[in-house]
Amino acid sequence: MPTIITGQFQSTSQRQQPAAHLTRTMQLLEKTCNELDTELATEISENPALEMAEECRCPDCKQIIPSYPCQACMNRLNGTGPIVYVAPRANRTYSTDEHEEYYSTDNRLRDPETLSEHVLKQVAPSISSKERKIAEHILARLDEHGFLIDHPAEIATYLRASLKMVKAVIELIKRADPIGVASQDVMECLLTQLDTLEQDGKTHPLAHNLLANFWEQLARRDFDTVARKCNVSVQTVKSAAKFIKRNLSPYPAQSHWNNASNATGRYFRPDVEVIKNPHKEDGPLIVQVFSAARGWLRVNSSVRSMVSKIEDPAKKDEWAAYLERAALFVKCMRQRDNAMKRIVKLIVTRQPKFILGTDKDLIPMTRVELADQLELHESTISRAVANKTIALPNGRIIPLSTFFDRSLAIRAAVLTIIEQESTAMTDEQVAHKLIDYDYKVARRTVAKYRSMLGILPANLRARQLPSAV
DNA sequence: CTATGGCACGGATT
DNA sequence: AATCCGTGCCATAG
């Protein structure tokens with residue numbers, strides 16, 4: 001068996017590759033490390049010729065090593081850009097303090113669980129099976145903020161349930177952990193949260209009235225008018241507003257996990273992790289690409305030697321097929337890991353400032369550029385990046401696709417401009433200011449970015465930016 | 001009259 | 001081929 005660890009696949013048609021290898025590798029490439037885990041488990045259980053050795057081997061040089069990463073390979077790579085290596089998920093070294101928390105207490109990293117599952121778990125025990133079906137449907141129809149898309153009546157018709165029952169289930173869900181989830185709008189959500197707080201005895205006398213009747217004025221911080229109409233002092237109104245801002249969150253999904261861009265969830269355990277060099281402060285970044293579970297995946301050698309001794313031809317074929325399949329799987333798995341490694345290495349090499357710095361340090365790049373440079377097909381990059389997440393040294397876990405976000409840096413610039421403004425700037429003015437930062441965008445586009453950032457328009461933004469609506 | 005947001009078009013990206 | 005993104009045009013609110 002020739003070794004394949006250095007194998008790369010070419011997009012050129014100069015040599016017809018066996019399709020099975022290629023497609024299988026691509027399938028594996030699409031999977032996140034969590035999905036790969038289950039894939040691997042079934043493959044191993046179905047195929048006796050495949051084994052997961054306990055010994056720890058370096059995926060690069062294949063030497064037996066005491067722990068990841070392979071010291072020899074690290075030394076070899078030292079000095080030339082980031083150190084990137086493939087690591088099994090279970091075996092982690094480099095547990096600096098800040099790094100350790102990823103795997104223990106930090107609840108962003110518990111097992112993957114979507115918002116829907118999270119809520120369903122809470123309400124399920126106390127409802128009937130019919131109600132449960134309704135709950136499932138409702139939870140499947142939440143938008144990215146955690147609001148209900150459909151009208152309750154629609155749901156009732158669709159599921160042929162009574163409107164009363166649907167409403168009851170919604171009420172129940174609204175009281176579950178991200179309080180206010182499945183509300184129909186911001187207002188309903190806030191009121192629900194306030195209600196729950198009141199039941200706990202924590203409340204502000206003015207809060208309810210303010211929310212229900214003076215939301216508009218509150219949003220534009222027009223405290224004077226409110227104070228006059230309520231017949232109380234401005235100070236009281238301000239304290240009530242402060243109470244609201246501190247204790248209530250307009251978007252239920254956001255309080256649950258801060259990354260609003262993924263309503264589908266599964267953004268918890270990263271596929272890639274970048275950490276600072278624990279030995280040298282300014283040393284090369286250390287990057288782990290997580291692969292299948294633990295240990296060293298290989299074809300079981302005792303099975304192989306046994307097969308050659310089998311007499312019965314039918315039996316022999318059967319086992320030979322197992323062997324072949326195992327070899328294929330191992331090969332594809334290593335190709336997959338190798339491709340991931342190369343891609344991630346290039347990304348990290350190109351974006352050190354973003355990884356260590358902030359959003360505005362992101363250098364725009366496209367998948368095509370990477371594909372050219374790595375001599376891979378652009379769809380290969382797409383697969384490798386899709387649905388994957390990366391943990392940055394500062395603890396944030398973001399989608400790998402963020403690196404290909406054309407406008408992230410500009411949005412960051414918009415944010416800083418507006419934060420530093422003395423008087424509220426119109427979109428036009430912001431657009432003009434952006435030229436100083438070497439960004440040329442239309443006024444309309446600034447408006448889009450602004451709303452993406454959740455910043456109110458200039459006329460409602462007299463002084464500061466409350467993060468509401 | 002000005003600033004903004006909705007709609008939709010076209011070009012780039014995947 | 002499908003999707004995403006920036007932008008222009010136009011209606012509307014203040």
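In what follows, every heavy atom counts, from backbone to side chain, and hydrogens, waters and symmetry copies are set aside. The chains referred to below are lettered A, B, ... by the order of the sequence lines, with proteins before strands, and numbering in each begins at 1. Note that this is a predicted model, so its numbers are computed, not measured.
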Presence of A:Y449 side-chain N/O under 4.0 Å of C:dG6 phosphate oxygens OP1/OP2: yes
Sugar-phosphate only, base, or nothing, as touched by A:T366 at under 4.0 Å among non-hydrogen atoms: sugar-phosphate
Heavy atoms of other groups near A:E428 CD, more than 12 under 6.0 Å: no
A:N459 CG - B:dC1 C1' separation (whole Å): 14 Å
Out of B:dC7, C:dC9, B:dT13, whichever nucleotide has its closest atom nearest the side chain of A:R443: C:dC9
Nucleotide B:dT14, atom C1' - distance to CZ of A:F403 in whole Å: 18 Å
Cation over ring face, A:R367 and A:F404, 6.0 Å, 45°: yes
A:E324, CD atom: more than 12 neighbouring heavy atoms under 6.0 Å: no
Sugar-phosphate, base or nothing in reach of A:R383, heavy atoms under 4.0 Å: nothing
Separation of atom CD in A:Q429 from atom P in B:dT4, rounded to whole Å: 9 Å
Distance in angstrom units between A:D405 CG and B:dT14 C1', rounded: 14 Å
From CA spacing to verdict: side-chain hydrogen bond (donor to acceptor under 3.5 Å, both in side chains), A:R342, A:Q373: CA-CA 11 Å; A:R342 294 181 60 214; A:Q373 209 160 334; over 6 Å; no
Proximity to the side chain of A:E378 - top-ranked nucleotide from B:dG5, B:dT14, C:dG8: B:dT14
Short side-chain N/O contact from A:S379 to OP1 or OP2 of B:dT14, under 4.0 Å: no
Distance, rounded to the nearest Å, where A:K440 contributes NZ and C:dT7 contributes P: 7 Å
Sugar-phosphate, base or nothing in reach of A:S451, heavy atoms under 4.0 Å: nothing
Rounded distance (Å) that lies between atom C1' of B:dC1 and atom CD of A:E428: 14 Å
Per A:R406 side chain, nearest of listed nucleotides C:dC5, B:dT4, B:dT14: C:dC5
Side-chain N or O of A:R444 closer than 4.0 Å to phosphate OP1/OP2 of C:dC5: no
Separation of atom CG in A:L400 from atom P in B:dT14, rounded to whole Å: 14 Å
Result of checking A:I390, A:I355, A:V348 against A:V287 for side-chain contact (heavy atoms from CB on, under 4.5 Å): A:V348
Nucleotide B:dT13, atom C1' - distance to CG of A:D372 in whole Å: 13 Å
